[in-house]
Protein chains: 2
Amino acid sequence: MGARASHYKYLTDLPPGKSRDIYIELQKAILSHGLLPGVKLSEDEVGELFGASRTIVRTALQALSHAQLVTIEKNRGAFIAQPSIKEAQEVFEARELIEPRVAGMAAKIITPKDIQILEEHIQAEHDAIAAGDSGEALSLSGFFHVMIADIAEHEVFSKIVRSLISRSSLIIALYWKRLDTTCESHSHHALLDAFAKNDVQAAEEIMKSHIVDLHSGLDLKSRKQTKQSLASILKK
Amino acid sequence: MGARASHYKYLTDLPPGKSRDIYIELQKAILSHGLLPGVKLSEDEVGELFGASRTIVRTALQALSHAQLVTIEKNRGAFIAQPSIKEAQEVFEARELIEPRVAGMAAKIITPKDIQILEEHIQAEHDAIAAGDSGEALSLSGFFHVMIADIAEHEVFSKIVRSLISRSSLIIALYWKRLDTTCESHSHHALLDAFAKNDVQAAEEIMKSHIVDLHSGLDLKSRKQTKQSLASILKK
DNA sequence: TGATTAAAGATTGTATACAATATGGAATAG
DNA sequence: CTATTCCATATTGTATACAATCTTTAATCA
């Protein structure tokens with residue numbers, strides 16, 4: 001669906017196999033707002049879609065639940081998570097603390113090749129916006145942050161960032177108030193400049209203000225209504 | 001096993017039920033070094049111990065694997081995780097960033113009742129040390145940090161801290177080099193003083209240096225050998 | 001004796017059947 | 001017409017049987 005080849009990788013703890021495939025496909029759909037908060041993921045339905053037994057589907061759903069992308073209610077089933085206002089606030093507070101540090105670490109050890117990959121990624125973001133594919137654009141802009149965490153070569157922070165970014169996607173689906181979705185590009189470019197100079201402090205500051213800016217784009221008073229009937233939007 | 005009633009709670013995402021019980025019991029055993037890194041957790045064996053079917057056991061083991069306390073190897077089974085030297089380093093770097101912030105947040109809003117509970121908890125640590133139960137003492141000193149995160153009333157940070165503390169327990173099992181296990185008490189007391197004065201900055205600084213101190217107690221060159229045959233050490 | 005191979009056993013991976021619970025609709029009473 | 005109860009249906013929870021894979025043991029050959 002993206003206009004260019006992707007350099008980022010979807011990740012999960014799951015071992016290779018059908019459960020992992022299902023996890024990744026559902027995650028993709030969630031991050032690109034193909035599946036919106038509140039949507040039910042019936043085991044039979046998901047199994048039907050992917051040609052897998054309930055055993056396999058349950059493994060994937062439980063993993064998504066541990067990643068907080070899905071909420072499992074006893075005897076009722078799995079639903080795309082609907083982060084509360086407080087959780088939204090907290091996720092962005094955590095990002096404001098952690099991601100600047102990670103960006104600084106990346107700035108220290110980033111290579112020209114890394115920078116080139118990031119540039120291409122930003123270009124892909126532009127392309128997606130130009131193509132009117134806002135879901136893909138959102139997904140890509142999230143992955144930009146994950147890629148930085150990977151460059152920093154710190155797996156513990158990287159996993160935490162991945163988790164926070166994923167949850168941010170749900171939060172944006174529920175609470176985003178701005179009309180412009182293109183707000184990201186400027187900060188991402190500025191960050192690249194700091195990276196090119198290996199300027200740790202600048203990278204930290206830019207990342208911090210970027211996340212504060214994202215945070216301020218949320219309307220944390222009212223929650224959007226999300227209905228959407230089913231999970232028929234799972235095309236590759 | 002503790003000399004006093006516990007104010008802390010073991011937590012998991014799992015819904016109430018046998019899987020949750022097994023998760024919590026295994027977690028307890030891991031955090032108190034009853035189960036050491038590398039030990040195999042056979043599904044049949046665990047199921048036998050708890051009178052549960054493999055289905056239930058697998059749910060618990062998968063949850064522990066997502067918490068990174070257990071490693072699942074395809075077709076080989078589940079083992080208590082053995083954090084690498086790099087992972088150990090990273091976990092403590094993450095703690096050095098996050099926990100001081102959390103301690104500062106707690107200092108802002110802590111109540112006299114909270115402080116009293118923390119005092120009692122420290123006393124329980126002392127009792128465990130006096131009783132020579134170093135496993136329990138270690139477990140309690142970890143929970144002290146989790147309790148602070150809970151006092152800060154920030155669920156996102158709290159979950160991250162819980163995860164880091166749990167993994168620290170495995171790291172300590174593999175890399176701890178000091179002879180004295182009582183090193184903790186002083187810092188914990190100092191932290192309480194800062195809390196009593198609602199001194200945010202002092203709380204941050206004490207927590208930071210406390211974790212740096214813990215970090216320096218690790219020997220991150222060689223990994224201890226851990227054998228231990230089986231999981232027969234699961235008494236309440 | 002040592003190494004290699006082969007077969008037997010044990011353990012995990014997956015599908016499915018059945019049980020428990022929740023959901024939605026129909027029938028009845030007010 | 002509204003509200004309530006009860007039943008039929010659908011969905012999740014759990015146990016178990018079977019398949020796939022790995023491990024161990026024993027036998028064979030150099």
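Letters A, B, ... mirror the listed sequences (proteins, then strands); counts begin at 1.
Contacts of A:S42 with the nucleic acid, taken as non-hydrogen atoms under 4.0 Å apart, involve only primed sugar atoms and P, OP1 or OP2.
Atom P of nucleotide C:dT14 and atom CD1 of A:I22 are separated by 11 Å, given to the nearest angstrom. Rounded to an integer number of Å, the gap from B:Q62 CD to D:dT14 P is 14 Å. Counting to the nearest Å, the C1' atom of C:dC18 and the CZ atom of A:R54 are 11 Å from each other. If you take NZ of B:K18 and C1' of D:dG13, they are 12 Å apart, rounded to a whole angstrom. Rounded to whole Å, the distance from CG on B:D21 to P on D:dT14 is 11 Å. For the pair B:R20 CZ and D:dG13 C1', the computed distance is 17 Å after rounding to whole Å. Distance, A:D44 CG to D:dT9 P: 17 Å, rounded to whole Å. In this entry the distance linking NZ of B:K74 with C1' of C:dT11 reads 14 Å, nearest Å.
OP1 or OP2 of C:dT23 sits under 4.0 Å from a side-chain N or O of A:R76. Between B:K40 and D:dT23 there is no side-chain N or O to OP1 or OP2 distance below 4.0 Å.
Figure legend: A:R95 and A:F92 shown as a cation-pi pair, the cationic atom lying under 6.0 angstrom from the six-membered ring centre and within 45 degrees of its axis.
When distances run from any side-chain atom of A:E43 to the nucleotides D:dT16, C:dT12, D:dG13, the shortest one goes to D:dG13. Listed nucleotides: D:dC22, D:dT14, D:dT12. Nearest to the side chain of B:N75: D:dC22. Listed nucleotides C:dT11, C:dT16, D:dT16 differ in distance to A:T55; the shortest reach to its side chain belongs to C:dT16. Of the listed nucleotides (D:dT11, C:dA15, D:dT14), D:dT14 has the atom at the smallest distance from the side chain of A:R58.
Side-chain contact between B:D150 and B:R162: present, with at least one pair of heavy atoms (C-beta onward) separated by less than 4.5 Å.
The NE2 atom of B:H145 lies 6.5 Å from the CD1 atom of B:I148; values are rounded to the nearest 0.5 Å.
No donor-acceptor distance shorter than 3.5 angstrom exists from the side chain of B:S158 to the backbone of B:H154, with no hydrogens or angles considered.
Judged by closest nucleotide on DNA chain C, B:G77 is the one of B:G77 and A:S53 placed further toward the 5' end.
The pair A:K86-A:E90 meets the salt-bridge criterion, since a charged nitrogen lies less than 4.0 angstrom from a carboxylate oxygen.
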